[in-house]
Every structure is written in structure tokens, then in C-alpha cells.
Amino acid sequence: MARTADTIVAISTPPGVGGIAVVRISGPDAVAIASRHCQVPEETHKAHFSTFYEDVSRHSLVDEVVVTLFRAPHSYTGEEVVEISCHGSQYVQQCILNALLERDPSARTPGARLAEPGEFTRRAFLNGKLDLSQAEAVADLIDSTNAGAHALAISQLRGGYAQKLKELRTRLLELTSLLELELDFSQEDVEFADRSQLRQLLSTLTTHLSSLISSFRLGNAIKKGVPVAIVGRPNAGKSSLLNALLDDDRAIVSPVPGTTRDTIEETFVIEGTAFRIIDTAGLRESHDRIEQMGIERTIKAVEQADIVVYVHDATQPESQVDEDLKGLNLEGKYLIVAYNKVDLLSTPQDSSHLSILPLSVKTGEGIDKLRAQLSAFVHGAAGVHGSTPLQVDGILTNVRHYEALQHVQEALSHVTEGLDSGLPADLLAIDLRDALHHLGTITGEVTTDEVLGTIFSRFCVGK
């Protein structure tokens, strides 16, 4: 674990040239170190215009800066924090950083040391400013590239589902303690923990866990982009549809069947949600080994997708649709059947499929409706994920949390089985403690240096 008694410093803005940059100092000697080079405000949460000198004798001027003071514990890290806003020159930033790192032989306090990746947020966690799930949400917020990912990160940063888990963990801990107390009175054959109350709590917790665990696939998709596979026969208009959705000539379009032999993936945003759309090779029998490989990748793309858009050439027999769909594993997928080239039909085509989407990539007919159906998948319309708008507070996005909750669910199922079979309190308590342990790893009641190191290593140095 990093030395938390040290004063750390780092550039908190991204690398490169910009209008301004921010150098952040945190730790017990933050004010003393910064004061050697510039004037620091006396009051907390005050910004002060100053000049920054490279040397402590203040002969070598580096830049005109704005210095902001955050007194402990009312700062991001919970420590003394000084932020220096300077011009965005990389040379200026490096001069300021080097000056703050340099030890002054005449001063009682040493210079700061360079912060490790994520160390500011790690200190915020260790000082009780954030729980562990909130600290992880900081990284997600920084990485968010669309409104959906941003909403999920903000929800988790503000507590989200973690607060509910803390409350359930507290109640579970109380009952576990009572069960363990029974061990001291095993000879008297008394029960301090109400078994009916324990069953009720297990039922409540299991229901909540199941909801969170099942939401992970959608949450992870929103965070990284909802995967959408466009499939269909050659020349049905798959690549043209990709280009229309992107409003760009991303894929090569040709009347020659089998032009697309590999998957093409691009990302676009609808109503704040990112979609990773995958154009695939056409479905047909082929003796061309390269085309066969493309078709194999099409099948894999369908397996990995949450949404499958099947594109059918409306001028061709409808029997092709059922034949192709039978050959695909669509279990758990949201299927959209789009009949393309309807502009070539003299009369509307009757179809046995109740929910087809008439489409013409050439004229643009149906493109907006397709976008609306993609958005409806995320926001719960059309019976896909219920009939209410997307509730980000109840969506799981973190792989570590997902794995921990699976362990919790398994442990609680053992407790339920133990209650049904009349197991003694000591055996029930073992599984309850296991569940409490994994719940605690999510919010940080239970941590190890190895876990913390893994989590915060993916942060940038200045955060």
C-alpha cells in the first residue's frame, strides 16, 4: 500500500496543450510545499491569483497561476489539498511539477512525491470520503463517452445500489451475530435469531440480488455500447443499412454477392446510448473458404449481440426469413425483422410475421423507426425490459461486483437449504459470514492491498 502520510502531487488534467492545466497536491505538507513557490489562500475553498516561481528564492518566474485551497477534511481526498491552475503549456506544467517534487535543503519539510495511479481517489476511500464502489464509479465517470454510461456512473457515484446493499448487510450481520451468540448457549438449546425473520430477510436479499445480477448484461452493454448484429442474405442491404445508420459510407456496397466477408463494427449514439453495430457476411451456402470464415464470424456476432437486426430483401420469397432465422441461436436476443427495398414493390407485401419493419435504405423509409426500436430496447419499451423507463439505480455494470454478488447468492442459497434441513446455528453462520464477506468487498468493508491495488491501478495518475 502507498505511504498515506506522504504529500503527493500530480498533473490532474490530460496530457497535451490546452488553455489551462491543473496540478494537484494532497497531504499534510501540501500548503507548506506550495507556499515556497506561490501564495496560498488562508481560507479554505478560496481561489487566489498568484505568481509561481521555480526556485524557493523566487527569482525564476514560471507562470501566473490561480491557487485554490481545500482544508482537511473538506477536500476530495479528505486531506490538505492545494490545486494550482496554470497555462496549458506542457513545459510550464512540467516546471511546476518538478519544483513541487524538489526537496528544499533549507526547509523542514521535504518535497512532495509523484502520485501513483488513482492515489488521490484511493486516499479519498481510505479517509472515508467515498466507499469502494463510489471510488470505482469515478473511473467509470471519467471513461464515460455517452449519456447512458454517464448516468450509470453518476448513479453509482452517488451511492446507487451500494447503499441498499449496506443496509441489507447490516441487517444480515445482526442476525449472524445472534446466531453466533447461540453457540455460547448451546447446552441450553435456546434460539436468539428468529428463524422466520431470517427466512424473510433471505427472501428479500435474494430477490434484490437476482434483479441486480440479471441487470448486469444490460448495464455492461450500456457502459460499453449495446451490441447490435445486422444479419441477412447477400445483397439484402446490410452494409447499406450500416452506412445509413452511421450517415457515412463506412462499408463497401456492391451488387456482387459476398462483398462483405468479415465483420465491420462501428459505434453510434441514439438518445444518449451507444450502440456497437456489426455488419456481417451474408448468410448462404458457399464453397469459398474465406466467405465461409466470414459466415462463421456472423454466427459468433449473433451469439455476442443483444439485438439482432435481420434484413430481408422484400423482393425475394418470404420463406427465406424463416429458413435463416431457424439456423441462428436467437435465445435471449431482441429480434428486429426489417424488410428492405420496399420502394421496389408495386404493392405492399403481405407477411406472416406480425412485427416486421418496412424499410428502404435507398429512400430512408423506416430508418427513424429502426432507431426508435433500438432505443426502445434500452429504455424498456415494447416489453423488452418491462414497460417503464430505464432505472439506472438498479443496474449493475461492474464485473467485480457481478462476481461478488454471484458468490453472495450462492452462499445464501446454502443458508436457505440449511434452514430447510434444520442445520445448527454454527453451520448456518459459516455461510452467512461468507455472504457478508463478499457483500463487504463491494463497498469496501472488506478489502486487501491486492484488491485495492488492482482497482486503482486502472486510474490515471492525476486522479
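Ring geometry for His407 against His438 counts as parallel: the plane angle stays under 30°, on a 0 to 90° scale with 60° as the upper cut.
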**OP:** Please report the C-alpha distance between Lys166 and Asp131 in whole Å, then the side-chain angles of each, then the deciding distance to 0.1 Å, and finally whether the side-chain contact (heavy atoms from CB on, under 4.5 Å) criterion is met.
**Re:** CA-CA 11 Å; Lys166 284 182 180 179; Asp131 67 32; 3.2 Å; yes

**OP:** Please test Ile307 against Leu374 for side-chain contact (heavy atoms from CB on, under 4.5 Å), starting from the C-alpha separation and ending with a verdict.
**Re:** CA-CA 8 Å; Ile307 303 175; Leu374 294 175; 3.9 Å; yes

Original post:
Does the salt bridge (charged side-chain N to carboxylate O under 4.0 Å, His left out) test come out yes or no for Lys223 and Asp140, once each step is laid out?
Top reply: CA-CA 8 Å; Lys223 182 178 176 180; Asp140 291 338; 3.2 Å; yes

**OP:** Dump the intermediate steps for side-chain contact (heavy atoms from CB on, under 4.5 Å) on Ile11 and Thr13, then the final yes or no.
**Re:** CA-CA 6 Å; Ile11 299 171; Thr13 40; 3.7 Å; yes

**OP:** Start with the C-alpha gap between Lys238 and Asp279, add the side-chain angles, then the distance that decides, and say whether salt bridge (charged side-chain N to carboxylate O under 4.0 Å, His left out) holds.
**Re:** CA-CA 7 Å; Lys238 302 183 300 299; Asp279 181 23; 5.5 Å; no

Subject >> From CA spacing to verdict: side-chain contact (heavy atoms from CB on, under 4.5 Å), His150, Leu141 >> reply: CA-CA 6 Å; His150 169 264; Leu141 184 60; 3.5 Å; yes

**OP:** Could you walk me through whether Glu119 and Arg113 pass the salt bridge (charged side-chain N to carboxylate O under 4.0 Å, His left out) test, one step at a time?
**Re:** CA-CA 12 Å; Glu119 190 170 359; Arg113 68 168 172 82; 2.7 Å; yes

Original post:
How far apart are the C-alpha atoms of Arg199 and Asp420, what are their side-chain angles, what is the distance that settles it, and do they pass the salt bridge (charged side-chain N to carboxylate O under 4.0 Å, His left out) test?
Top reply: CA-CA 10 Å; Arg199 285 181 182 276; Asp420 293 339; 2.9 Å; yes

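Other residues, nucleotides and ligands contribute at most 12 non-hydrogen atoms within 6.0 Å of the CD atom of Gln200. More than 12 heavy atoms of other residues, nucleotides or ligands shown are found within 6.0 angstrom of NE2 on His48. For Lys224, the NZ atom counts as loosely surrounded, since its 6.0 Å shell holds 12 or fewer non-hydrogen atoms of other residues, nucleotides or ligands. For Tyr91, the OH atom counts as loosely surrounded, since its 6.0 Å shell holds 12 or fewer non-hydrogen atoms of other residues, nucleotides or ligands.
Contact between Ile33 and Ala112 at its shortest, heavy atoms only, is CD1-N, 3.5 Å. In terms of heavy atoms, Ala435 sits closest to Val408 at O-CG2, 3.7 Å. Here the closest non-hydrogen pair linking Val67 and Cys38 is CG2-SG, 3.8 Å. When all heavy atoms of Tyr76 and Thr121 are compared, the pair lying nearest together is OH-OG1, 2.7 Å. Residues Cys86 and Gln93 come closest through the heavy atom pair SG-CG, 4.2 Å. Contact record, Leu173 with Arg433: CD1-NH1, 3.6 Å, taken as the closest heavy-atom pair.
Between Val308 and Leu330, some side-chain heavy-atom pair lies under the 4.5 Å cut-off. Contact annotation: the side chain of Val226 approaches that of Phe377 to within less than 4.5 Å [non-hydrogen atoms, C-beta and beyond]. Counting only heavy atoms from C-beta outward, the side chains of Leu245 and Arg371 approach each other to under 4.5 Å. Put simply, the side chain of Leu202 reaches to within 4.5 Å of the side chain of Leu419, judged on heavy atoms. For the pair Leu405 and Ile442, the minimum side-chain heavy-atom distance is below 4.5 Å. At a threshold of 4.5 Å between non-hydrogen side-chain atoms, the residues Lys129 and Arg123 do not count as touching. Within the 4.5 Å cutoff, side-chain heavy atoms of Ser133 are placed close to those of Gln156. The shortest distance between side-chain heavy atoms of Ser26 and Phe120 falls below 4.5 Å.
In terms of modelled atom types and a separation under 3.5 Å, the side chain of Asp55 and the main chain of Ser60 share a donor-acceptor contact. Using modelled atom types, one side-chain atom of Thr176 and one backbone atom of Leu172 make a donor-acceptor pair closer than 3.5 Å. Glu79 places no side-chain N or O within donor-acceptor distance of the main-chain N or O of Pro28, the cut-off being under 3.5 Å. The backbone N or O of Ser210 lies less than 3.5 Å from a partner atom in the side chain of Ser214, making a donor-acceptor pair. Without hydrogens or angle criteria, Ser215 side chain to Leu396 main chain gives a donor-acceptor distance under 3.5 Å. Between the Arg122 side chain and the Glu116 main chain, no donor and acceptor come within less than 3.5 Å of each other. At distances below 3.5 Å, at least one donor-acceptor pair connects side-chain atoms of Ser421 with backbone N or O atoms of Gly418. Without hydrogens or angle criteria, Asp6 side chain to Ile8 main chain gives no donor-acceptor distance under 3.5 Å. A donor-acceptor pair is defined here as one N or O able to donate and one able to accept, closer than 3.5 Å; no such pair exists between the side chain of Ser211 and the backbone of His208. Remark: the backbone N or O of Thr68 is not paired with any side-chain donor or acceptor of Lys46 at under 3.5 angstrom.
Among Leu427, Thr206, Asp431, the one residue that satisfies the side chain to side chain contact (heavy atoms under 4.5 Å, CB included) test with Val415 is Asp431.
With rounding to the nearest 0.5 Å, the separation of CD in Glu417 from CG in Leu428 is 11.5 Å. We find the CG-CD1 distance between Leu370 and Ile230 to be 7.5 Å, quoted to the nearest 0.5 Å. Considering CD1 of Ile277 and CD1 of Ile270, their distance stands at 8.0 Å, rounded to 0.5 Å. Once rounded to the nearest 0.5 Å, the distance linking CD of Gln373 with CG of Leu335 reads 10.0 Å. Atom CG of Asp63 is separated from atom CZ of Phe52 by 9.5 Å, given to the nearest 0.5 angstrom. Between Glu83 atom CD and Phe70 atom CZ the span is 4.5 Å, to the nearest 0.5 Å.
The closest side-chain donor-acceptor pair between Asn98 and Glu102, if any, does not fall under 3.5 angstrom. For Glu64 and His87, the side-chain atoms include no donor-acceptor pair closer than 3.5 Å. Side chains of Glu271 and Ser375: a donor on one and an acceptor on the other come within 3.5 Å. At a cut-off of 3.5 Å, with distance as the only test, no side-chain donor of Asn329 or Glu303 sits close to an acceptor on the other residue.
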